[in-house]
Amino acid sequence: MQKEKQIIEYQVFNSIEELPTEEQKLVAAAQKATESAYAPYSKFHVGAALLMEDGQIFSGNNQENSAYPSGLCAERTVLFSTSANHPDLKIKTIMITAIKAGESAFQAVTPCGACRQVMSEYQDKQQQPYAVILENGNGTFIKINNVRDLLPFTFSGDQL
Ligand code: THU
């Protein structure tokens, strides 16, 4: 039997200043988006922002519902709305951040499995990898250059 390893590569940035200017703006947009999250049940405000190939930035946040499963994560909110309105524009980077209601510091957050699946499909759709930046707590950030690295052995439409 042969064992194969998948190595995930990522970079750690110890402060926002270490990121390029374009990505600093993306971080700011995602952080700003947490302010409009509708999260009365979890009180966990998530913001997500997309940097597009033409430099535009779009943002979204989590939208909860009293029928809990009807709500949607920030990542899928921004991915679906952007794909609905700009279907041919390619994504360069998605940034994800979170903050608890009443707190002043953004905290580490990683996307749920359903969002990873959706992120992965949009990468397949545009036939070009895009990066993921995650808030990592204490003003630090993690960058993963390819969405696929967050979902090994991904299920995709070509298996249907
Ligand atoms: N949530 C997101 O929006 N994105 C994530 O990556 C993790 C979880 C939301 C869903 C729900 O509104 C709240 O955070 C608590 O799970």
Side-chain angles (χ1 to χ4, degrees), residues 5-53 55-66 68-83 90-123 126 128-155:
K5 257 196 227 165
Q6 260 200 340
I7 310 288
I8 295 172
E9 283 186 15
Y10 62 90
Q11 299 155 271
V12 178
F13 296 86
N14 290 315
S15 73
I16 191 164
E17 289 78 27
E18 289 185 7
L19 290 163
T21 317
E22 212 178 26
E23 292 179 356
Q24 290 185 24
K25 282 191 197 152
L26 184 67
V27 169
Q31 291 179 340
K32 178 88 187 146
T34 62
E35 293 171 15
S36 318
Y38 177 60
Y41 305 105
S42 70
K43 305 195 186 323
F44 188 67
H45 295 219
V46 185
L50 300 181
L51 173 63
M52 310 306 288
E53 59 181 348
Q56 290 192 82
I57 289 177
F58 302 114
S59 64
N61 40 49
N62 51 332
Q63 297 294 317
E64 297 185 349
N65 193 279
S66 53
Y68 288 3
S70 303
L72 198 63
C73 291
E75 296 89 324
R76 278 175 287 163
T77 301
V78 71
L79 284 164
F80 291 152
S81 64
T82 302
S83 180
K90 290 185 179 167
I91 303 164
K92 265 175 79 176
T93 309
I94 183 170
M95 161 69 200
I96 308 160
T97 187
I99 191 166
K100 289 193 186 105
E103 295 196 357
S104 56
F106 293 96
Q107 65 167 77
V109 66
T110 51
C112 77
C115 287
R116 290 177 198 220
Q117 177 69 30
V118 170
M119 285 159 60
S120 171
E121 178 132 349
Y122 283 121
Q123 177 163 298
Q126 69 179 32
Q128 198 172 289
Y130 65 96
V132 184
I133 302 178
L134 302 174
E135 188 88 47
N136 190 41
N138 300 316
T140 71
F141 301 89
I142 285 177
K143 184 173 184 186
I144 300 117
N145 286 319
N146 189 320
V147 166
R148 277 295 172 115
D149 286 343
L150 289 179
L151 194 61
F153 299 101
T154 312
F155 177 73

Show me the donor-acceptor pairs, under 3.5 Å and distance only, between side chains in residues 72-79 and residues at least two apart or in other chains.
residue, atom, partner, partner atom, Å
T77, OG1, N61, O, 3.2
T77, OG1, C73, O, 2.8

Let me have the donor-acceptor pairs involving side chains of residues 104-121, under 3.5 Å, with sequence neighbours excluded, atom names and distances please.
residue, atom, partner, partner atom, Å
Q107, OE1, K100, NZ, 3.2
R116, NE, P111, O, 2.8
R116, NH1, L150, O, 3.1
R116, NH2, P111, O, 3.1
Q117, NE2, F155, O, 2.9
S120, OG, R148, NE, 3.1

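The CD atom of E23 sits 12.0 Å away from atom CD of E18, with the distance rounded to the nearest 0.5 Å. One distance of note links NZ of K90 with CE of M52; it measures 11.0 Å at 0.5 Å rounding.
With sequence neighbours left out, K25 forms a salt bridge (charged side-chain N to carboxylate O under 4.0 Å, His left out) with no residue at all. Among residues two or more places apart in sequence or in another chain, the side-chain hydrogen bond (donor to acceptor under 3.5 Å, both in side chains) test is passed with Q56 by D54. Residues forming a side-chain hydrogen bond (donor to acceptor under 3.5 Å, both in side chains) with N146 (at least two apart in sequence, or on another chain): Q123. Applying the salt bridge (charged side-chain N to carboxylate O under 4.0 Å, His left out) criterion to E17, with sequence neighbours excluded, gives no partner residue. Every residue was checked against the side-chain hydrogen bond (donor to acceptor under 3.5 Å, both in side chains) condition with E9, not counting sequence neighbours, and none meets it. Scored by the side-chain hydrogen bond (donor to acceptor under 3.5 Å, both in side chains) test, S36 finds no partners at all (sequence neighbours excluded). Judged as a salt bridge (charged side-chain N to carboxylate O under 4.0 Å, His left out), and not counting sequence neighbours, E53 has no contacts.
For the pair E64 (side chain) and G71 (backbone), a donor-acceptor distance under 3.5 Å is absent.
Results of the side chain to side chain contact (heavy atoms under 4.5 Å, CB included) test with D149 over I7, V132, I144 single out I144 as the only residue that passes.
Inter-residue side-chain proximity for S83 and Y122 is flagged as met; some heavy-atom pair is nearer than 4.5 Å.
For residues 130-140, every residue pair satisfying the side-chain hydrogen bond (donor to acceptor under 3.5 Å, both in side chains) rule, not counting sequence neighbours, is listed here: Q31-E135, T97-E135, N136-T140. Screening residues 13-52 for ring-ring contact (aromatic ring centres under 6.0 Å, His included) gives Y41-Y68 as the qualifying pairs, with residues at least two apart or on separate chains. The salt bridge (charged side-chain N to carboxylate O under 4.0 Å, His left out) contacts involving residues 33-42 comprise K32-E35, where partners must be two or more places apart or lie in separate chains.
Between L50 and L26, the shortest heavy-atom distance links the atoms C-CD1, 3.6 Å.
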